[in-house]
Amino acid sequence: MISGVLSAIVTSFICILLHFIICLFTPSFPKFDSDVKKLIFQGKMVLSIWLIMLPLFFLLNNIFANKGIDEIIKKNKIEEITFLLYSIVLFLCFFFLYLTVYYIIDRSVSSRIMIEIEKSPSKRLTFEELIKIYDVDTKYQNEIKGMEEGSFIKKEGDKYKCTVKGLIVGRIAFFLKSIWKLGEGG
Amino acid sequence: MIKFFCVPIICFLIFLSLHIFTFHSIKIKRRFRTMVYLALIMVVVDIFLFFLLPDNLGEEFVKEDLLKYIYLGNALFLYLYIFYFYFHFIIVIDRSISVRILLEISSSPQRSLTLDEIKKRYDLKDKFKRELKDLVFLGRVEKKGEAFANTFKGRMHAYIVWGVRKYLNLATNR
(Lines give C-alpha, C1' and ligand atoms only; values in the text may rest on other atoms or scores of the structure.)
Protein backbone atom coordinates (compact mmCIF):
# COMPACT_ATOMS: atom_id res chain seq x y z
CA MET A 1 0.00 0.00 0.00
CA ILE A 2 2.78 2.42 0.96
CA SER A 3 4.66 1.82 -2.32
CA GLY A 4 1.56 2.99 -4.23
CA VAL A 5 1.13 6.06 -2.03
CA LEU A 6 4.82 6.93 -2.38
CA SER A 7 4.74 6.54 -6.17
CA ALA A 8 1.64 8.81 -6.33
CA ILE A 9 3.35 11.50 -4.26
CA VAL A 10 6.68 11.33 -6.11
CA THR A 11 5.09 11.29 -9.59
CA SER A 12 2.74 14.17 -8.70
CA PHE A 13 5.71 16.19 -7.44
CA ILE A 14 7.51 15.58 -10.76
CA CYS A 15 4.30 16.62 -12.63
CA ILE A 16 4.09 19.90 -10.68
CA LEU A 17 7.78 20.55 -11.36
CA LEU A 18 7.26 19.86 -15.08
CA HIS A 19 4.32 22.27 -15.18
CA PHE A 20 6.47 24.95 -13.54
CA ILE A 21 9.33 24.34 -15.99
CA ILE A 22 7.00 24.46 -19.03
CA CYS A 23 5.41 27.72 -17.80
CA LEU A 24 8.81 29.21 -16.96
CA PHE A 25 10.39 28.48 -20.34
CA THR A 26 7.39 29.33 -22.50
CA PRO A 27 7.73 33.01 -23.44
CA SER A 28 3.96 33.58 -23.64
CA PHE A 29 0.74 31.63 -23.74
CA PRO A 30 -2.01 32.34 -26.29
CA LYS A 31 -4.17 35.36 -25.43
CA PHE A 32 -7.72 34.40 -24.50
CA ASP A 33 -10.77 36.66 -24.54
CA SER A 34 -12.21 35.07 -21.39
CA ASP A 35 -10.90 33.83 -18.03
CA VAL A 36 -12.55 30.44 -18.37
CA LYS A 37 -10.80 29.76 -21.71
CA LYS A 38 -7.47 30.63 -20.09
CA LEU A 39 -8.19 28.20 -17.24
CA ILE A 40 -9.36 25.46 -19.64
CA PHE A 41 -6.01 25.87 -21.43
CA GLN A 42 -4.12 25.55 -18.12
CA GLY A 43 -6.32 22.60 -17.09
CA LYS A 44 -5.63 20.75 -20.35
CA MET A 45 -1.90 21.36 -19.96
CA VAL A 46 -1.85 20.08 -16.36
CA LEU A 47 -4.05 17.06 -17.17
CA SER A 48 -1.84 16.15 -20.15
CA ILE A 49 1.24 16.21 -17.90
CA TRP A 50 -0.52 13.99 -15.35
CA LEU A 51 -1.63 11.51 -18.05
CA ILE A 52 1.76 11.44 -19.77
CA MET A 53 3.43 10.70 -16.43
CA LEU A 54 1.02 7.85 -15.63
CA PRO A 55 3.50 5.15 -16.86
CA LEU A 56 6.10 6.60 -14.48
CA PHE A 57 3.58 6.23 -11.66
CA PHE A 58 3.18 2.50 -12.43
CA LEU A 59 6.93 2.07 -12.89
CA LEU A 60 7.71 3.70 -9.54
CA ASN A 61 4.98 1.62 -7.93
CA ASN A 62 6.73 -1.55 -9.16
CA ILE A 63 10.18 -0.29 -8.15
CA PHE A 64 9.05 0.61 -4.63
CA ALA A 65 7.17 -2.71 -4.31
CA ASN A 66 10.25 -4.67 -5.48
CA LYS A 67 12.44 -2.78 -3.01
CA GLY A 68 10.15 -4.21 -0.36
CA ILE A 69 9.06 -0.90 1.18
CA ASP A 70 5.85 -2.46 2.47
CA GLU A 71 7.83 -5.27 4.11
CA ILE A 72 10.27 -2.80 5.70
CA ILE A 73 7.31 -1.00 7.28
CA LYS A 74 5.86 -4.31 8.47
CA LYS A 75 9.21 -5.43 9.94
CA ASN A 76 9.73 -2.17 11.83
CA LYS A 77 6.25 -2.49 13.35
CA ILE A 78 5.22 0.96 12.10
CA GLU A 79 2.55 -0.46 9.80
CA GLU A 80 -0.34 0.45 12.06
CA ILE A 81 0.81 4.04 12.65
CA THR A 82 1.42 4.45 8.89
CA PHE A 83 -2.10 3.22 8.12
CA LEU A 84 -3.50 5.50 10.84
CA LEU A 85 -1.69 8.57 9.44
CA TYR A 86 -2.85 7.68 5.95
CA SER A 87 -6.45 7.32 7.10
CA ILE A 88 -6.24 10.88 8.53
CA VAL A 89 -4.75 12.14 5.25
CA LEU A 90 -7.55 10.42 3.33
CA PHE A 91 -10.20 12.05 5.55
CA LEU A 92 -8.59 15.46 4.95
CA CYS A 93 -8.59 14.72 1.19
CA PHE A 94 -12.37 14.12 1.33
CA PHE A 95 -12.79 17.26 3.44
CA PHE A 96 -10.89 19.47 0.96
CA LEU A 97 -12.78 17.92 -1.93
CA TYR A 98 -16.02 18.84 -0.17
CA LEU A 99 -14.73 22.37 0.55
CA THR A 100 -14.32 23.02 -3.18
CA VAL A 101 -18.00 22.08 -3.73
CA TYR A 102 -19.04 24.13 -0.70
CA TYR A 103 -17.13 27.14 -2.08
CA ILE A 104 -19.13 26.99 -5.33
CA ILE A 105 -22.36 26.96 -3.32
CA ASP A 106 -21.48 29.64 -0.79
CA ARG A 107 -19.14 32.08 -2.55
CA SER A 108 -19.27 31.67 -6.32
CA VAL A 109 -20.07 34.90 -8.19
CA SER A 110 -21.39 33.04 -11.23
CA SER A 111 -23.79 30.95 -9.12
CA ARG A 112 -25.15 34.15 -7.53
CA ILE A 113 -25.59 35.74 -11.00
CA MET A 114 -27.64 32.75 -12.20
CA ILE A 115 -29.74 32.79 -9.01
CA GLU A 116 -30.46 36.53 -9.39
CA ILE A 117 -31.52 36.02 -13.02
CA GLU A 118 -33.83 33.18 -11.93
CA LYS A 119 -35.29 35.23 -9.06
CA SER A 120 -36.15 38.20 -11.31
CA PRO A 121 -39.84 38.41 -12.38
CA SER A 122 -39.10 38.20 -16.12
CA LYS A 123 -36.26 35.67 -15.54
CA ARG A 124 -33.91 37.92 -17.45
CA LEU A 125 -31.69 40.83 -16.40
CA THR A 126 -29.65 43.46 -18.17
CA PHE A 127 -26.12 44.12 -16.89
CA GLU A 128 -27.24 47.39 -15.22
CA GLU A 129 -30.13 45.61 -13.45
CA LEU A 130 -27.78 42.87 -12.26
CA ILE A 131 -25.31 45.39 -10.83
CA LYS A 132 -28.16 47.07 -8.92
CA ILE A 133 -29.31 43.77 -7.36
CA TYR A 134 -25.84 42.27 -6.86
CA ASP A 135 -24.72 45.25 -4.83
CA VAL A 136 -21.04 45.80 -5.64
CA ASP A 137 -20.38 47.72 -2.40
CA THR A 138 -21.74 44.86 -0.27
CA LYS A 139 -19.56 42.42 -2.19
CA TYR A 140 -16.44 44.53 -1.48
CA GLN A 141 -17.42 44.75 2.21
CA ASN A 142 -18.06 40.98 2.45
CA GLU A 143 -14.68 40.19 0.93
CA ILE A 144 -12.82 42.68 3.13
CA LYS A 145 -14.66 41.47 6.23
CA GLY A 146 -13.67 37.88 5.40
CA MET A 147 -10.05 38.92 4.87
CA GLU A 148 -10.02 40.81 8.18
CA GLU A 149 -11.50 37.79 9.99
CA GLY A 150 -8.86 35.58 8.41
CA SER A 151 -6.15 38.06 9.60
CA PHE A 152 -4.91 38.73 6.08
CA ILE A 153 -5.49 42.49 6.37
CA LYS A 154 -6.10 44.95 9.21
CA LYS A 155 -7.70 48.38 9.26
CA GLU A 156 -5.54 51.32 10.33
CA GLY A 157 -7.53 54.54 10.24
CA ASP A 158 -9.37 54.45 6.93
CA LYS A 159 -6.72 52.33 5.24
CA TYR A 160 -6.42 48.56 4.90
CA LYS A 161 -2.95 47.15 5.45
CA CYS A 162 -1.59 43.64 4.88
CA THR A 163 -0.67 41.66 7.97
CA VAL A 164 2.50 39.53 7.86
CA LYS A 165 0.33 36.53 6.94
CA GLY A 166 -1.37 38.54 4.17
CA LEU A 167 1.96 39.80 2.85
CA ILE A 168 3.35 36.24 2.66
CA VAL A 169 0.21 34.96 0.89
CA GLY A 170 0.26 37.99 -1.43
CA ARG A 171 3.91 37.41 -2.37
CA ILE A 172 3.33 33.70 -2.98
CA ALA A 173 0.25 34.50 -5.11
CA PHE A 174 2.19 37.12 -7.08
CA PHE A 175 5.07 34.69 -7.67
CA LEU A 176 2.74 31.87 -8.79
CA LYS A 177 0.66 34.16 -11.01
CA SER A 178 3.77 35.41 -12.78
CA ILE A 179 5.15 31.87 -13.24
CA TRP A 180 1.83 30.52 -14.53
CA LYS A 181 1.33 33.69 -16.64
CA LEU A 182 -2.23 34.13 -15.41
CA GLY A 183 -2.42 37.91 -15.75
CA GLU A 184 -4.25 40.16 -13.29
CA GLY A 185 -7.14 37.76 -12.71
CA GLY A 186 -9.60 38.24 -9.88
CA MET B 1 -5.77 -3.88 6.01
CA ILE B 2 -8.62 -2.04 4.31
CA LYS B 3 -9.58 -0.27 7.52
CA PHE B 4 -7.42 2.67 6.39
CA PHE B 5 -10.03 3.76 3.85
CA CYS B 6 -13.18 2.48 5.59
CA VAL B 7 -12.54 4.69 8.64
CA PRO B 8 -12.08 8.00 6.74
CA ILE B 9 -15.19 7.26 4.64
CA ILE B 10 -17.22 6.67 7.84
CA CYS B 11 -15.72 9.86 9.36
CA PHE B 12 -16.49 11.91 6.26
CA LEU B 13 -20.11 10.73 6.26
CA ILE B 14 -20.42 11.68 9.95
CA PHE B 15 -18.80 15.06 9.17
CA LEU B 16 -21.25 15.65 6.31
CA SER B 17 -24.26 14.83 8.50
CA LEU B 18 -22.96 17.03 11.32
CA HIS B 19 -22.26 19.88 8.90
CA ILE B 20 -25.72 19.73 7.33
CA PHE B 21 -27.40 19.38 10.73
CA THR B 22 -25.53 22.30 12.36
CA PHE B 23 -25.83 24.67 9.41
CA HIS B 24 -29.52 23.84 8.95
CA SER B 25 -30.48 24.27 12.61
CA ILE B 26 -28.23 27.12 13.75
CA LYS B 27 -27.48 30.43 12.01
CA ILE B 28 -23.70 30.33 12.01
CA LYS B 29 -21.68 33.54 11.64
CA ARG B 30 -18.16 32.19 11.01
CA ARG B 31 -18.98 29.34 8.71
CA PHE B 32 -15.55 28.41 7.41
CA ARG B 33 -14.10 28.31 10.92
CA THR B 34 -17.01 26.10 12.09
CA MET B 35 -16.33 23.67 9.24
CA VAL B 36 -12.63 23.50 10.14
CA TYR B 37 -13.51 22.83 13.80
CA LEU B 38 -15.92 20.06 12.74
CA ALA B 39 -13.18 18.55 10.57
CA LEU B 40 -10.70 18.66 13.44
CA ILE B 41 -13.20 16.90 15.71
CA MET B 42 -13.57 14.24 13.01
CA VAL B 43 -9.79 13.76 12.87
CA VAL B 44 -9.94 12.85 16.57
CA VAL B 45 -12.90 10.53 15.84
CA ASP B 46 -10.86 8.99 12.99
CA ILE B 47 -8.00 8.16 15.40
CA PHE B 48 -10.47 6.81 17.96
CA LEU B 49 -12.33 4.65 15.42
CA PHE B 50 -9.07 3.37 13.93
CA PHE B 51 -8.05 1.84 17.25
CA LEU B 52 -11.58 0.80 18.20
CA LEU B 53 -12.54 -1.09 15.04
CA PRO B 54 -11.04 -4.52 14.33
CA ASP B 55 -8.01 -4.69 12.00
CA ASN B 56 -9.79 -7.09 9.65
CA LEU B 57 -12.77 -4.75 9.20
CA GLY B 58 -14.58 -5.58 5.93
CA GLU B 59 -11.88 -8.05 4.88
CA GLU B 60 -14.25 -11.03 4.91
CA PHE B 61 -15.80 -9.53 1.75
CA VAL B 62 -12.45 -9.01 0.03
CA LYS B 63 -10.38 -11.82 -1.45
CA GLU B 64 -6.62 -11.74 -0.78
CA ASP B 65 -5.72 -11.20 -4.48
CA LEU B 66 -8.19 -8.31 -4.69
CA LEU B 67 -6.31 -6.45 -1.98
CA LYS B 68 -3.45 -5.42 -4.28
CA TYR B 69 -5.95 -3.88 -6.72
CA ILE B 70 -7.55 -1.96 -3.84
CA TYR B 71 -4.11 -0.62 -2.86
CA LEU B 72 -3.39 0.32 -6.49
CA GLY B 73 -6.80 1.99 -6.83
CA ASN B 74 -6.10 3.93 -3.66
CA ALA B 75 -2.74 5.12 -5.04
CA LEU B 76 -4.38 6.13 -8.34
CA PHE B 77 -7.03 8.04 -6.40
CA LEU B 78 -4.28 9.92 -4.54
CA TYR B 79 -2.44 10.65 -7.81
CA LEU B 80 -5.58 12.08 -9.46
CA TYR B 81 -6.56 13.86 -6.24
CA ILE B 82 -3.24 15.76 -6.25
CA PHE B 83 -3.96 16.75 -9.88
CA TYR B 84 -7.42 18.02 -8.90
CA PHE B 85 -6.04 19.87 -5.87
CA TYR B 86 -3.24 21.48 -7.89
CA PHE B 87 -5.56 22.57 -10.69
CA HIS B 88 -8.08 23.92 -8.18
CA PHE B 89 -5.25 25.85 -6.53
CA ILE B 90 -4.47 27.49 -9.90
CA ILE B 91 -8.16 28.45 -10.26
CA VAL B 92 -8.29 29.95 -6.74
CA ILE B 93 -5.08 31.95 -7.28
CA ASP B 94 -6.45 33.26 -10.59
CA ARG B 95 -10.11 33.89 -9.80
CA SER B 96 -10.30 34.71 -6.11
CA ILE B 97 -11.46 38.25 -5.33
CA SER B 98 -9.66 38.18 -1.96
CA VAL B 99 -6.34 37.19 -3.55
CA ARG B 100 -6.68 40.05 -6.09
CA ILE B 101 -7.47 42.59 -3.32
CA LEU B 102 -4.49 41.27 -1.33
CA LEU B 103 -2.26 41.67 -4.39
CA GLU B 104 -3.51 45.22 -4.96
CA ILE B 105 -2.80 46.21 -1.33
CA SER B 106 0.60 44.50 -1.16
CA SER B 107 1.75 46.01 -4.48
CA SER B 108 0.66 49.56 -3.60
CA PRO B 109 3.51 52.01 -2.76
CA GLN B 110 2.60 52.27 0.94
CA ARG B 111 1.25 48.72 1.17
CA SER B 112 -2.05 50.12 2.37
CA LEU B 113 -5.18 51.27 0.53
CA THR B 114 -8.51 52.85 1.43
CA LEU B 115 -11.69 51.13 0.25
CA ASP B 116 -12.09 53.75 -2.50
CA GLU B 117 -8.53 53.17 -3.70
CA ILE B 118 -9.18 49.40 -3.81
CA LYS B 119 -12.33 50.06 -5.87
CA LYS B 120 -10.34 52.24 -8.30
CA ARG B 121 -7.62 49.63 -8.77
CA TYR B 122 -9.96 46.63 -8.96
CA ASP B 123 -13.41 47.28 -10.35
CA LEU B 124 -15.85 44.50 -9.45
CA LYS B 125 -18.24 45.62 -12.21
CA ASP B 126 -15.56 44.55 -14.64
CA LYS B 127 -15.34 41.20 -12.81
CA PHE B 128 -19.12 40.71 -13.23
CA LYS B 129 -18.85 41.49 -16.96
CA ARG B 130 -16.15 38.81 -17.31
CA GLU B 131 -18.20 36.31 -15.27
CA LEU B 132 -21.22 36.88 -17.56
CA LYS B 133 -19.03 36.39 -20.62
CA ASP B 134 -17.74 33.10 -19.15
CA LEU B 135 -21.28 31.95 -18.33
CA VAL B 136 -22.33 32.60 -21.93
CA PHE B 137 -19.29 30.64 -23.15
CA LEU B 138 -20.11 27.74 -20.79
CA GLY B 139 -23.72 27.67 -22.03
CA ARG B 140 -25.22 28.52 -18.62
CA VAL B 141 -26.54 31.93 -19.71
CA GLU B 142 -27.65 33.31 -23.06
CA LYS B 143 -27.92 36.87 -24.27
CA LYS B 144 -31.40 37.90 -25.39
CA GLY B 145 -31.14 41.42 -26.78
CA GLU B 146 -29.72 43.55 -23.98
CA ALA B 147 -30.71 41.10 -21.25
CA PHE B 148 -29.22 37.85 -19.98
CA ALA B 149 -31.35 34.75 -19.34
CA ASN B 150 -30.47 31.33 -17.92
CA THR B 151 -30.33 28.35 -20.25
CA PHE B 152 -31.70 24.99 -19.02
CA LYS B 153 -28.25 24.12 -17.61
CA GLY B 154 -28.03 27.50 -15.89
CA ARG B 155 -31.54 27.17 -14.45
CA MET B 156 -30.73 23.73 -12.98
CA HIS B 157 -27.46 25.06 -11.52
CA ALA B 158 -29.29 28.07 -10.03
CA TYR B 159 -32.06 25.96 -8.45
CA ILE B 160 -29.63 23.45 -6.92
CA VAL B 161 -27.32 26.11 -5.45
CA TRP B 162 -30.28 28.25 -4.34
CA GLY B 163 -31.92 25.24 -2.63
CA VAL B 164 -28.74 24.16 -0.84
CA ARG B 165 -28.01 27.77 0.22
CA LYS B 166 -31.51 28.07 1.69
CA TYR B 167 -31.31 24.69 3.44
CA LEU B 168 -27.90 25.42 4.95
CA ASN B 169 -28.90 28.97 6.00
CA LEU B 170 -26.15 30.50 3.87
CA ALA B 171 -26.35 34.25 3.26
CA THR B 172 -27.94 35.12 -0.06
CA ASN B 173 -25.94 38.30 -0.59
CA ARG B 174 -22.49 36.70 -1.02
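The model shown is predicted, which means the values in this text are computed figures rather than measured ones. Just so we're on the same page: letters track the sequence lines, and every chain starts at 1.
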Subject >> Heavy-atom check, side chain of B:P8 versus side chain of A:Y86, under 4.5 Å >> reply: no
Original post:
For the candidates B:E117, B:H19, B:E104, which exhibits the highest count of non-hydrogen atom pairs separated by less than 4.5 Å from chain A?
Top reply: B:H19
Original post:
What's the shortest heavy-atom distance between A:G170 and B:L103, and which atoms?
Top reply: O-CD2, 3.3 Å
Original post:
Can B:K166 be said to sit on top of B:W162's aromatic six-ring, NZ or CZ under 6.0 Å from centre and within 45° of the ring axis?
Top reply: yes
Original post:
Is the cationic atom of A:K139 (NZ for Lys, CZ for Arg) positioned less than 6.0 Å from the six-membered ring centroid of A:Y134 and within 45 degrees of its normal?
Top reply: no
**OP:** Measure distances from A:C93 to the heavy atoms of chain B and classify the residue's part below 4.5 Å as side chain, backbone, both or neither.
**Re:** both
**OP:** State whether A:K37 and A:D33 are salt-bridged, where the test is any N-O pair (Lys NZ or Arg NE/NH1/NH2 against Asp/Glu carboxylate O) under 4.0 Å.
**Re:** yes
Original post:
Side chain, backbone, both or neither: which part of B:L115 has a non-hydrogen atom closer than 4.5 Å to chain A?
Top reply: both
Original post:
Is the shortest heavy-atom distance from the side chain of A:C162 to the side chain of B:R111 under 4.5 Å?
Top reply: no
Subject >> Residues, nucleotides or ligands: over 12 heavy atoms within 6.0 Å of A:F13 CZ >> reply: no
Original post:
Hey, which of A:I16, A:T11, A:V136 has the most heavy atom pairs under 4.5 Å with chain B?
Top reply: A:I16
Subject >> Contacting region of A:L176 [heavy-atom separation from chain B under 4.5 Å] >> reply: side chain
Original post:
Who wins among A:I40, A:I49, A:L54 for the most heavy-atom pairs under 4.5 Å with chain B?
Top reply: A:L54
**OP:** Would you mind checking which part of B:F15 comes under 4.5 Å of any heavy atom in chain A, side chain (CB onward), backbone (N, CA, C, O), both or neither?
**Re:** side chain
Subject >> chain A contact via B:L76 - side chain, backbone, both or neither, heavy atoms under 4.5 Å >> reply: both
Original post:
Checking A:D158 against chain B: side chain, backbone, both or neither under 4.5 Å from a heavy atom?
Top reply: both
Subject >> Distance-only side-chain donor-acceptor flag, B:Y81 / A:S12, under 3.5 Å >> reply: no
Original post:
Under 4.5 Å between any side-chain heavy atoms of A:T100 and B:Y84, yes or no?
Top reply: yes
Original post:
Quick one: what part of B:V43 sits under 4.5 Å from any heavy atom of chain A, side chain, backbone, both or neither?
Top reply: both
Subject >> Among the listed options A:F58, A:Y102, A:F96, the residue most often paired with chain B at heavy-atom distances under 4.5 Å >> reply: A:Y102
**OP:** Look at A:L39, A:D137, A:V5 and state which one has the largest set of heavy-atom pairs under 4.5 Å with chain B.
**Re:** A:L39
**OP:** Measure distances from A:L6 to the heavy atoms of chain B and classify the residue's part below 4.5 Å as side chain, backbone, both or neither.
**Re:** neither
Original post:
Would you call B:I9 and A:L90 a side-chain contact if the rule is heavy atoms closer than 4.5 Å?
Top reply: no
**OP:** Please state whether the side chain, the backbone, both or neither of A:I88 comes within less than 4.5 Å of a heavy atom of chain B.
**Re:** both
Subject >> Toward chain B, the part of A:F152 with a non-hydrogen atom under 4.5 Å >> reply: both
Original post:
What part of A:L85 gets closer than 4.5 Å to chain B, counting heavy atoms only: side chain, backbone, both or neither?
Top reply: neither
Subject >> Region of B:I82 in contact with chain A, defined by heavy-atom distances below 4.5 Å >> reply: both
Original post:
Non-hydrogen atoms of chain A under 4.5 Å away: do they reach the side chain of B:K133, the backbone, both or neither?
Top reply: side chain
**OP:** Check each atom of B:R155 against the heavy atoms of chain A and say whether the ones under 4.5 Å are side chain, backbone, both or neither.
**Re:** both
Original post:
Looking at B:F87, B:F89, B:Y86, which hits ring pair (Phe, Tyr, Trp, His ring centres under 6.0 Å) with A:H19?
Top reply: B:Y86
Original post:
Which answer fits A:I115, side chain, backbone, both or neither, if we ask what part of it has an atom under 4.5 Å from a heavy atom of chain B?
Top reply: both
Original post:
Hey, are B:D94 and A:K38 close enough for a salt bridge, meaning a charged N less than 4.0 Å from a carboxylate O?
Top reply: yes
Subject >> side-chain hydrogen bond (donor to acceptor under 3.5 Å, both in side chains) assessment of A:S3 paired with B:Y71 >> reply: CA-CA 9 Å; A:S3 51; B:Y71 289 163; over 6 Å; no
Original post:
Tell me, side chain or backbone of A:I131 under 4.5 Å from chain B's heavy atoms, or both, or neither?
Top reply: side chain
Original post:
What part of A:W180 is in contact with chain B, defined as an atom under 4.5 angstrom from a non-hydrogen atom: side chain, backbone, both or neither?
Top reply: side chain
Subject >> Structural part of A:E184 lying under 4.5 Å from a heavy atom of chain B >> reply: both
Subject >> A:D106 bridged to B:R31 by N-O distance under 4.0 Å >> reply: yes
Original post:
If you tally heavy-atom pairs under 4.5 Å against chain A, which of B:S112, B:A149, B:G154 wins?
Top reply: B:S112
Subject >> Residue pair A:I22 / A:M45, side-chain heavy-atom distance below 4.5 Å >> reply: yes
Original post:
Which of the residues A:S122, A:S111, A:G150, A:G157 is involved in the greatest number of heavy-atom pairs with chain B at under 4.5 angstrom?
Top reply: A:S111
Original post:
Do A:R107 and A:E143 meet the salt-bridge criterion of a basic N to acidic O distance under 4.0 Å?
Top reply: yes
**OP:** Report the option among A:S110, A:C15, A:G4, A:S120 that has the most heavy-atom pairs separated by less than 4.5 Å from atoms of chain B.
**Re:** A:S110
**OP:** Select one option (side chain, backbone, both, neither) describing which atoms of B:K143 are under 4.5 Å from chain A's heavy atoms.
**Re:** neither
Original post:
Just wondering, more than 12 heavy atoms not from A:F41 lying within 6.0 Å of its CZ?
Top reply: yes
Original post:
Tell me, side chain or backbone of B:I90 under 4.5 Å from chain A's heavy atoms, or both, or neither?
Top reply: both
Subject >> Part of B:F137 within contact of chain A (heavy atom distance under 4.5 Å) >> reply: side chain
